[in-house]
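Here is the naming used below: chain letters follow the sequence lines, and residue numbers restart at 1 for every chain.
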There are 2 protein chains.
Amino acid sequence: MPDLPPGPASVHNVLMNHTGFLISRMGLVAAKQFGERLESLGLTTRMWGALNVLASEGEITQHALCKSIGMDPSSMVSTIDELEAMGLVERRRHPTDRRAHALHVTEAGMETLARGREIARTAQEELLAPLNDEEREQLHALLLRLAMATRKEPLAVAPR
Amino acid sequence: MPDLPPGPASVHNVLMNHTGFLISRMGLVAAKQFGERLESLGLTTRMWGALNVLASEGEITQHALCKSIGMDPSSMVSTIDELEAMGLVERRRHPTDRRAHALHVTEAGMETLARGREIARTAQEELLAPLNDEEREQLHALLLRLAMATRKEPLAVAPR
DNA sequence: TATTGTTATACTCTATAACTATA
DNA sequence: TATAGTTATAGAGTATAACAATA
């Protein structure tokens, strides 16, 4: 009885035949690699996702942000807490609804966001290194069509 | 101030521009959909991954199985416990090493595996529904090249 | 009566370290 | 001294329910 299977460890050929497994697997790798790079900014993938959407939407409520990225409201509290503690986001008064906050991205938040986007480019370059430009566009287009079909799935930005 | 961003909820346009995000996102969707379907067999994605590799490798040790799918040995214990409780796998005596087990897939295990593969086909059909056959092959080939480049990453079969 | 944000809680998944019995 | 399997434990990450303030 062979004690170890032949070939490099960690992923088995049998599983590689399934596209769904490959997507799941590469999704974990991508999230992990990006998350490790984001640590240099003191950000998690969840914080980055929230900051990113917030900057593009302007001042919105936590509730709206939750719906926008599919995060649970109770999880959003701690995410915004962390961003606020770092001075990247402020909870400002909502002009009309005294229950709600108007989430505001600070100047420091915009700077961190810019550096995060640079990191995202680097991480993407690392992830897609085996592919040329045309192939990268192909992959993106194919994934985008899949994503558009499952847009309503209430999944958070990052796996962990 | 707009209370909700325009368009359908749960995933934001800004994030859709990143291939890494799309892969991560679709990986979660794929794993979730497959996991829900596997419940009908009483299996988790982890159990299915272990059973699948085990059947293709014959009788190997838990240690070898761990290396083969990138699962932690301590997590493997409960995974095999569950498979054994369902009568799909047996811990048999290793012929030469009294510390180790020879993991054996039972006949019931092979039958469950066959049904699992049918479920995998169905789930894949659902996931890749927006793509035609040629596009599915393209996507698979592109992901496979990425996966081969990161084969050594010690990540488990399924995110949760 | 419903909604926003918050807190407390529980549950899952995973990783770490220590332990045993063998090698 | 190292290895296979196990156990116990702790740490993320997430989901659920209840709550106060306000609509």
Side-chain angles (χ1 to χ4, degrees), chain A residues 1-4 10 24 27-28 31-32 35-36 38-39 43-50 59-84 89-103 153-160, chain B residues 1 3-4 10 24 27-28 31-32 35-36 39 43-50 59-84 89-103 153-160:
Chain A
M1 169 162 57
D3 198 39
L4 284 178
S10 283
S24 174
L28 289 177
K32 187 187 172 198
E36 284 169 356
L38 272 182
E39 282 177 15
L43 295 181
T44 62
T45 49
R46 286 156 61 105
M47 290 162 75
W48 186 79
E59 295 194 347
I60 59 176
T61 66
Q62 286 185 205
H63 182 78
L65 182 56
C66 287
K67 292 202 88 169
S68 191
I69 64 181
M71 187 185 293
D72 192 87
S74 67
S75 303
M76 183 59 75
V77 173
S78 58
T79 303
I80 300 299
D81 281 351
E82 292 166 331
L83 288 171
E84 200 169 31
V89 164
E90 285 173 10
R91 285 179 168 98
R92 296 190 170 175
R93 297 187 57 181
H94 191 286
T96 58
D97 189 337
R98 293 174 58 186
R99 296 170 305 179
H101 300 143
L103 297 175
E153 282 282 326
L155 286 171
V157 171
R160 53 172 169 176
Chain B
M1 168 162 56
D3 197 39
L4 284 178
S10 284
S24 174
L28 289 177
K32 187 186 172 198
E36 285 170 355
E39 282 177 15
L43 295 180
T44 63
T45 49
R46 287 156 60 105
M47 291 163 74
W48 187 79
E59 295 194 347
I60 59 176
T61 65
Q62 287 185 202
H63 183 77
L65 183 56
C66 286
K67 292 201 90 168
S68 191
I69 65 181
M71 188 184 293
D72 191 87
S74 67
S75 301
M76 184 59 75
V77 173
S78 58
T79 303
I80 301 299
D81 281 351
E82 292 166 331
L83 288 171
E84 200 168 30
V89 164
E90 285 174 9
R91 284 179 169 100
R92 295 190 170 174
R93 296 187 59 179
H94 190 286
T96 59
D97 189 338
R98 293 175 57 185
R99 297 171 303 179
H101 300 143
L103 298 176
E153 282 281 327
L155 284 171
V157 172
R160 53 171 166 178

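- One atom, CZ of A:R98, and another, C1' of D:dA21, lie 9 Å apart when rounded to the nearest Å.
- For the pair A:H101 NE2 and C:dT4 C1', the interatomic distance rounds to 8 Å; values are reported in whole Å.
- Nearest-nucleotide positions on DNA chain C for A:S74 and B:D97 put A:S74 closer to the 5' end.
- Residues A:T45 and A:A31 come closest through the heavy atom pair CG2-O, 4.2 Å.
- Separating the CD1 atom of B:I80 from the P atom of D:dA4 is a distance of 15 Å, rounded to the nearest angstrom.
- Regarding A:E90, its CD atom lies at a distance of 16 Å from the P atom of C:dG5, rounded to whole Å.
- Atoms CZ (B:R92) and C1' (D:dA4) sit 20 Å apart, rounded to a whole Å.
- Looking at A:Q62 and A:V77, their side chains come closer than 4.5 Å, going by heavy atoms from C-beta outward.
- Counting any heavy atom pair closer than 4.0 Å across all strands shown, A:T96 reaches sugar-phosphate atoms only and no base atom.
- The shortest side-chain heavy-atom distance between B:R91 and B:D81 falls under the 4.5 Å cut-off.
- Between the side chain of A:R99 and the base of C:dT3, a donor-acceptor pair under 3.5 Å is found.
- Within the structure, every side-chain polar atom (N or O) of A:R93 is placed at least 4.0 Å from both OP1 and OP2 of C:dT4.
- The minimum heavy-atom distance linking B:A100 with B:H94 is given by the pair O-CB, 3.3 Å.
- Using a distance-only test at 3.5 Å, with no hydrogens or angles considered, a donor-acceptor pair links the side chain of A:T79 to the main chain of A:S75.
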Pair assignment for DNA chain D - dot-bracket with | for other-strand partners, Watson-Crick or G-U under 3.5 Å:
|||||||||||||||||||||||

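- A distance-only check finds no donor-acceptor pair linking the side chain of A:H101 to the backbone of A:L103 [under 3.5 Å].
- Whole-Å rounding puts the A:M76 CE to C:dG5 P distance at 10 Å.
- Atom pair B:E82:CD and C:dT12:P shows a separation of 11 Å (rounding to whole Å applied).
- Between the CG atom of A:D72 and the P atom of D:dA18 there is a distance of 15 Å, rounded to whole Å.
- Nearest heavy atom pair, residue B:L83 against residue B:A50, reads CD1-CB, 4.2 Å.
- Distance from the side chain of B:V77 is smallest to D:dT6 among D:dT6, C:dA23, C:dT6.
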